[in-house]
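When a ligand or atom number is given, it counts from 1 through the structure's own listing order.
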Amino acid sequence: MKKRILIVNSGGDCPGMNAVIRAIVKRASREIDWEIIGSINGFDGFLAEPLEIMPLTKDIVEGIHIHGGTILTTNNKRNPFCYPVKQEDGTIVNEDVSDKLIYNLKVFGFDAIIHIGGNQSHKISLKLAQKGVNIIGIPKTINNDLASTDYSFGFQTAAQLATEAVDKLVTTASSHNRVLILEVMGRDAGWIALHAAVAGGADVCLIPEIPFSMDKVIEKLKSRYSADGRGFANIVVAEGAYFKDEKGGIVSGNIASKITAALKEINFEADIRETILGHLQRGGTPNAFDRILATELGVKAFELVKEKKFGTMAIHKNSELTHINLKEVIDKYNKVDLSNDLIHTAKGVGISFGD
Ligand code: F6P
């Protein structure tokens, strides 16, 4: 009887998810006694009746590492500890179905789960580990906000895309003497914004870690225009950035329009346009860095299962491929530290953080 590993994706997708699946399967196929099976659509597939699962063989994963998305599909709204269950009267009530999941693991002969996810997903991993499930986590997120690992795959590809967007916006901003605002993802951490602002040469970079003053932003923008109105400016803002005086008012998805409104209120001399980069950052082909990182983490996660190092997450720390207890991962975010060298560098080339 072969040993079975269930792969579950959860949270938003990101470039590299297919590469990590392929790596787990290819590594496992080098041994005769392992079977890898994927749950369709996060935990949904493994909680469905009948199960919606996909046996993952070497043939199935061939060449998928270069593709974006995930062949298993994923879901960022499914938590087995608070899972929507349809009642007899047709209403939906959230219930703890973790025991059903554990029962299914036992009945269908699974030895372990490899759970690929971000911060919220690994809170689930830890709770399952505490209930005795043999689980190994793999960090993924374009936001790079998972603590304990130097990078999560997906981030470098997203930062590259955001940089290309800045590059394009700089040329059109300069042609029209406009202020162009690019809103990128990053609810709790401004890594994508920071990298794109430095790489693309933006004038202003606004991130959740540094609540900004609109006066300071305006000061910087004005310095980019001459007396006759010539000049241009580019702002990169993370979705989770917020005004210094706006207590507790973080609303993702509309910070770019709030900045526009604030500039219009003072009749700022230039035209202002917004671009929301949105899900473009999550899709598409992973770059080489993310493919390599995903492959490393996939191989490592399989080996952690073999070594029975359950309740841990495969990570890359200080250039070493290693693992860490899930307890140390959750509830912590890898935020941009204000003493980070890249903040210093950005300020060194004149980028304003509105502080
Ligand atoms: O967590 C990743 C992330 O892309 C966030 O940056 C963003 O706010 C959110 O997911 C978007 O989620 P959805 O795909 O459900 O719109």
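Comparing N143, T74, I142 by heavy-atom distance to atom 2 (C) of ligand 1, the nearest is N143. Residue E239 holds the heavy atom nearest to atom 6 (O) of ligand 1 of all those in H279, R187, E239, K140.
Counting heavy atoms under 4.0 Å from ligand 1, residue N76 touches it through the side chain alone. Contact annotation for Q281 and ligand 1: no heavy atom of the residue comes within less than 4.0 Å of the ligand.
In this structure a side-chain-to-backbone donor-acceptor pair under 3.5 Å is present from Q87 to V85. Of the possible polar contacts, one joining the K220 side chain to the G350 backbone as a donor-acceptor pair under 3.5 Å is found.
If you check the side chains of D59 and T57, you find no donor sitting under 3.5 Å from an acceptor. Under the 3.5 Å distance criterion, with hydrogens and angles disregarded, no donor-acceptor pair is assigned to the side chains of Y151 and N334. Between the side chains of H195 and T163, no donor-acceptor pair is found at a separation under 3.5 Å.
Ligand-side atoms of ligand 1 in range of K77: 15 (O), range being under 4.0 angstrom from any heavy atom.
By the 3.5 Å distance cut-off applied to N or O atoms, R282 is counted among the residues near ligand 1.
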